[in-house]
Amino acid sequence: MMACFSFILSSMIRLGCKAVAEAVMSSIRNETELFVKAGNRAPSLAVVIVGHDPASETYVRKKAEAAASLGFMHFQYSLDEDASEGELVSLIDSLNSREDVDGILVQLPLPSSISPERIIERILPEKDVDGFSPVNAGRLLIGEECFIPCTPKGILETLRYFGIETAGRKAVIIGRSNIVGKPMAALLMRRGIDATVTVCNTRTPDLKEYTLGADIIIVATGKPGTIDSSYVRDGAVVIDVGVNRIPDPSRKSGFRLVGDVDAASFGERDVSLTPVPGGIGLMTVSMLMANTLQAARRRAK
Ligand code: GUN
């Protein structure tokens, strides 16, 4: 009878992030009100997009909507696909020197003719609200105050919101990008967060050797089906960072979104998983707003 009972209680926990993102936005809204009441101008964000990648256009629109909903000032610059690196550098230089711009974000990926490294390095570290510049990346690694990249910061906020302990837990990250994998590892290693971190990639032989021992698995490869239920032990937490567009003629948009994790394979297993859509993707935008407020505060000092 007991065995039957525990079987009924065991079910996958869906770590939906809508409420987490709303809580973050509501606290930023309150803090912004106080900041403005204290005589400061509203935080301001400049977003630059080059070309017409549909996913990038959607992300940039969401960033603009979030900024507007908080009463932030928002400037958007849309450059043609064939814009030169020099044009983009000149735009960044002018945004760097403007008093009324606190944060600058250049949406990635950029067309192949433009070096993302040179562009990111050009943004003043104190306006680099993505946290991608070498100065902010280095500060994160050595534990100094910095802008923390929005997706890893959103993942940490999600773990905190759901009361998921990191100290002394084994975290396995799959993916080593500068946007997610590497800063996520640096963040989880920080004093006070104290996870034991392993970073794998899609070329790691026998991924299961690592994931089956993990308490927290963060999957950020950009490849649907990177892991399924057979890679995860009972009681583990799986954070799915992927947002992949899969053609789907039955949808008006012509596509549907899937993560990097084969979510359906988990059935009713005792595993906690962030969904796609409705998961970590929602956190990235709110964390960008938090970083923009942080930039405005620092520059107002
Ligand atoms: N492209 C995908 N994610 C991001 C992000 O967090 N920031 C920027 N600038 N571009 C992205």
Side-chain angles (χ1 to χ4, degrees), residues 13-32 35 43 45 59 62-63 65-67 69-70 72 103 105 128-132 136-137 139-141 143-169 171-173 175 177-195 197 214-220 236-243 259-261 272-298:
I13 298 172
R14 194 176 173 277
L15 304 175
C17 294
K18 190 161 177 271
V20 195
E22 279 172 3
V24 170
M25 288 292 277
S26 152
S27 127
I28 300 172
R29 190 169 289 114
N30 293 340
E31 288 177 38
T32 303
F35 181 70
L45 174 67
Y59 294 138
K62 289 197 169 144
K63 288 167 187 175
E65 285 167 4
S69 81
L70 293 169
F72 286 11
L105 177 142
D128 167 35
V129 284
D130 255 331
F132 293 166
N136 280 307
R139 284 184 182 152
L140 175 62
L141 202 57
E144 282 185 5
E145 201 195 322
C146 61
F147 290 113
I148 297 170
C150 302
T151 303
K153 186 171 171 156
I155 291 170
L156 197 64
E157 187 66 32
T158 302
L159 294 173
R160 285 194 179 128
Y161 182 92
F162 289 108
I164 296 161
E165 181 62 87
T166 50
R169 311 288 297 278
V172 169
I173 301 166
S177 70
N178 293 338
I179 296 182
V180 186
K182 284 184 208 160
M184 190 76 244
L187 199 53
L188 286 169
M189 279 193 282
R190 271 188 154 184
R191 280 197 191 282
I193 300 176
D194 302 320
V197 184
D215 303 302
I216 300 169
I217 306 173
I218 296 170
V219 193
V237 174
V238 181
I239 305 289
D240 190 353
V241 181
V243 183
D260 294 345
V261 174
S272 302
L273 172 66
T274 59
V276 178
I280 295 303
L282 297 178
M283 297 305 299
T284 302
V285 172
S286 55
M287 292 299 142
L288 174 65
M289 300 302 128
N291 282 356
T292 304
L293 174 58
Q294 185 186 339
R297 277 221 173 96
R298 280 208 220 141

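Just so you know, these numbers come straight off a predicted model, no measurement behind them. Atoms considered below: every heavy atom in the structure, side chains included; atoms not considered: hydrogens, waters and symmetry mates.
Here the side chains of Ser69 and Arg29 are in contact, with some heavy-atom distance below 4.5 Å. Using a 4.5 Å heavy-atom threshold, the side chains of Leu159 and Val237 count as touching. A 4.5 Å side-chain heavy-atom check between Asn178 and Phe132 finds every atom pair outside the cut-off. Between Leu105 and Leu288, the closest side-chain pair of non-hydrogen atoms falls below 4.5 Å. Between Cys150 and Asn291, the closest side-chain pair of non-hydrogen atoms falls below 4.5 Å. You'll find the side chain of Val129 reaches within 4.5 Å of the side chain of Leu45, heavy atoms only. The closest side-chain heavy-atom distance from Glu145 to Arg139 is not below 4.5 Å. Val261 places none of its side-chain heavy atoms less than 4.5 Å from the side chain of Thr274.
Every residue meeting the side chain to side chain contact (heavy atoms under 4.5 Å, CB included) condition with Ala167, not counting sequence neighbours, appears here in chain and number order: Glu165, Asp194. Looking at residues two or more places apart in sequence or on another chain, you find no salt bridge (charged side-chain N to carboxylate O under 4.0 Å, His left out) involving Arg190. Listed by chain and number, the residues in a side chain to side chain contact (heavy atoms under 4.5 Å, CB included) with Ala137 amount to none (sequence neighbours excluded). Applying the salt bridge (charged side-chain N to carboxylate O under 4.0 Å, His left out) rule to Lys62 yields no partners; only residues at least two apart in sequence or on another chain are considered. Considering only residues two or more places apart in sequence or on other chains, Arg297 meets the side chain to side chain contact (heavy atoms under 4.5 Å, CB included) condition with Glu31, Phe35, Leu293.
Of all heavy-atom pairs between Leu70 and Met25, the closest is CD2-O, 3.7 Å. Between Pro152 and Ile179 the shortest heavy-atom distance is CD-O, 3.5 Å. Smallest separation of non-hydrogen atoms from Ala214 and Val172: CB-CG2, 3.6 Å. For Ala23 against Tyr161, the heavy-atom pair with the smallest separation is CB-CE1, 4.4 Å. The shortest heavy-atom contact between Phe147 and Ala295 is CZ-CB, 3.6 Å. Contact detail for Leu282 and Cys17: the closest heavy-atom pair is CD1-C, 4.0 Å.
We find the OG1-CE distance between Thr151 and Met283 to be 10.0 Å, quoted to the nearest 0.5 Å.
Ser26 contributes no side-chain N or O that, together with a main-chain N or O of Glu22, makes up a donor-acceptor pair within less than 3.5 Å.
Between Glu157 and Lys153 no salt bridge is recorded (no basic side-chain N to carboxylate O distance below 4.0 Å).
Listed by first and then second residue, the salt bridge (Lys or Arg N to Asp or Glu O under 4.0 Å) pairs that reach into residues 275-294 come to none, sequence neighbours excluded.
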